[in-house]
Amino acid sequence: MQVALKIWRYDSSTGERALKEYELEAPEEATLLDCLDILKDRHDGTLAYRKSCRMMICGSCGMRMDGAAVLACKTRMVDVAQAGRVPVISAMGNLPIVKDLVVDMGPFWEKFRAIKPYLEPGFDQPEDGREYRISPERMSVIHKEALCVNCGCCVSECNAMESDPEFLGPQALAKAMRFVGDPRDAATVERLEAYNADHGIWDCTRCYFCNERCPKGVDPRDAIAKLGAESVRLGIDRDMGAKHAKWFIRSAETTGWLRETELVPKTQGLVAAVKQTKFAMNLARHGKVPSPVPPHVARDVDEARNLRKLVHAQGRTGAAGHVQGERALERLAHGHAGDEDLEAIYARPGAAPRPWLPEDQTTEGEA
């Protein structure tokens with residue numbers, strides 16, 4: 001197939017930047033990384049980019065295609081070529097560019113080291129030197145976070161890091177949850193205290209771009225939410241962001257909706273609320289503030305209250321409550337519908353084809 005690419009070429013030593021277009025011949029199964037390899041081997045050997053495993057494991061080949069971070073070895077090009085599109089390839093964002101598609105990962109690894117990505121000693125040792133065994137249920141809390149390959153795609157698209165380069169970032173905080181959620185770690189409170197400091201958990205703007213661009217399904221924003229839930233559960237709630245989150249919960253539990261007129265005094269205090277009275281009055285004059293009296297109670301609010309009571313009765317507070325929701329969403333995403341078996345799911349109109357399994361192979365004469 002014929003593939004056309006536009007690539008931003010950049011040399012940090014001279015500051016020169018140019019958008020160059022290339023055309024090349026590639027097999028239909030080619031990925032973006034395959035196309036870059038062909039381009040470098042046959043057309044322009046000066047092109048710089050990173051790669052290693054070519055199997056979506058090492059995370060080396062992160063870059064942007066049409067302004068969105070991707071792993072080049074995962075991105076198939078056949079649909080792009082058949083549609084006649086000419087994608088623009090550039091280096092990842094929020095990291096200094098060294099040359100062409102290569103970025104300086106120094107700031108990335110610095111934030112990674114800052115969260116202490118290793119188990120802290122002090123956990124109970126099993127008797128007689130036996131292995132430390134943990135139930136699947138407990139490890140499921142950090143199942144997604146353990147999938148991270150440190151590619152930096154989430155960092156590239158993080159709005160919070162763009163406005164505040166000191167923000168720890170989605171990758172570091174996702175890895176932080178991997179250790180906070182590990183029952184073998186003995187420094188959970190100390191970790192959360194550090195992550196609740198300036199430029200930590202609560203500086204996330206919740207744009208969810210990190211979830212959207214993560215090629216491994218780690219969902220870093222969800223990991224940050226788990227860190228916040230664990231912080232509140234353990235009483236580490238001095239930050240205004242934590243107070244804000246707690247008021248969301250309280251407001252939804254009592255009336256079923258967010259009572260914005262009470263948000264400022266509940267999270268910032270009465271003094272801050274008084275200082276913002278003029279601003280609040282202007283909002284009210286333009287119909288932006290609903291009347292607090294009488295309080296509006298959402299329909300069927302008892303269902304929300306009972307759901308929260310059930311979660312607490314099951315002991316699934318903090319990050320465990322988030323994990324329970326993740327499981328339900330995964331089951332829905334895979335077509336689970338109650339008592340319906342797999343055969344019925346695959347028989348649905350438009351369903352994905354049933355995968356071939358070794359036990360499906362028939363012997364001669366049986367087909």
Side-chain angles (χ1 to χ4, degrees), residues 67 93-94 111 154-170 172-173 176 192-212 220-305 307-308 311-312 317-318 321-322 325:
N94 289 325
K111 294 177 188 298
C154 59
V155 167
S156 171
E157 309 308 302
C158 179
N159 285 329
M161 295 190 76
E162 187 172 350
S163 61
D164 176 15
E166 294 186 45
F167 175 51
L168 279 173
L173 289 173
L192 290 173
E193 287 282 5
Y195 306 154
N196 273 263
D198 293 342
H199 316 295
I201 297 170
W202 304 106
D203 280 14
C204 172
T205 59
R206 296 176 289 279
C207 67
Y208 283 87
F209 281 169
C210 56
N211 280 16
E212 180 181 328
R221 171 54 215 166
D222 294 0
I224 297 172
K226 292 179 190 177
L227 288 173
E230 284 295 284
S231 298
V232 172
R233 181 180 70 85
L234 295 172
I236 306 172
D237 55 6
R238 297 180 299 277
D239 190 276
M240 191 184 301
K243 295 177 181 178
H244 196 107
K246 289 177 68 176
W247 175 244
F248 264 68
I249 296 171
R250 179 62 178 165
S251 181
E253 181 185 16
T254 52
T255 60
W257 67 296
L258 176 61
R259 301 195 296 278
E260 295 183 4
T261 51
E262 300 174 53
L263 186 59
V264 173
K266 293 293 185 181
T267 59
Q268 300 184 31
L270 291 175
V271 175
V274 171
K275 291 180 179 179
Q276 297 187 42
T277 300
K278 184 178 179 180
F279 176 66
M281 294 299 292
N282 286 332
L283 290 177
R285 277 197 294 270
H286 289 85
K288 300 293 185 179
V289 180
S291 173
V293 181
H296 170 67
V297 178
R299 181 180 178 183
D300 297 327
V301 68
D302 285 340
E303 292 186 11
R305 296 172 184 169
L307 179 60
R308 187 163 187 268
V311 169
H312 279 262
T317 56
H322 285 264

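You'll find the side chain of M161 reaches within 4.5 Å of the side chain of P170, heavy atoms only.
When all heavy atoms are compared, the tightest approach of G200 to F167 is O-CE1, 3.0 Å. Here the shortest heavy-atom pairing between K111 and A172 reads O-CB, 3.7 Å. Between I201 and S231, the shortest heavy-atom contact is CD1-OG, 3.8 Å. Closest non-hydrogen pair, D203 versus A160, comes out as O-CB, 3.7 Å. Closest approach of E253 and V301 over heavy atoms only: O-CG2, 4.1 Å.
Between the side chain of W257 and the backbone N or O of H296, at least one donor-acceptor pair lies under 3.5 Å. S251 places no side-chain N or O within donor-acceptor distance of the main-chain N or O of F248, the cut-off being under 3.5 Å. Between the side chain of K243 and the backbone N or O of Q268 there is no donor-acceptor pair closer than 3.5 Å.
R305 CZ: more than 12 foreign heavy atoms inside a 6.0 Å radius.
A distance of 9.0 Å separates NE2 of H199 from CG of L168, quoted to the nearest 0.5 Å. From D222, atom CG reaches atom CG of N211 across 4.5 Å, with rounding to the nearest 0.5 Å. Here the CG atom belonging to D237 is positioned 4.0 Å from the NZ atom belonging to K246, to the nearest 0.5 angstrom. Taken from SG in C154 to CZ in R221, the straight-line distance is 13.0 Å, to the nearest 0.5 Å. To the nearest 0.5 angstrom, R259 atom CZ is 8.0 Å from K266 atom NZ. Taken from CG in N282 to NE2 in H286, the straight-line distance is 7.0 Å, to the nearest 0.5 Å.
Defined by atom type and a distance below 3.5 Å, a donor-acceptor pair is missing between the side-chain atoms of T205 and N159.
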Residue pair E262, W247: steps toward the side-chain contact (heavy atoms from CB on, under 4.5 Å) verdict
CA-CA 9 Å; E262 300 174 53; W247 175 244; 3.4 Å; yes
From CA spacing to verdict: side-chain contact (heavy atoms from CB on, under 4.5 Å), E193, I236:
CA-CA 7 Å; E193 287 282 5; I236 306 172; 4.0 Å; yes
Passes side-chain contact (heavy atoms from CB on, under 4.5 Å), E166 versus D198? Steps please.
CA-CA 9 Å; E166 294 186 45; D198 293 342; over 6 Å; no
Please walk me through it: do N196 and R238 pass side-chain contact (heavy atoms from CB on, under 4.5 Å)?
CA-CA 9 Å; N196 273 263; R238 297 180 299 277; 5.9 Å; no
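N94 pairs with exactly one of C158, P165, S156 by the side-chain contact (heavy atoms from CB on, under 4.5 Å) rule, that one being C158.
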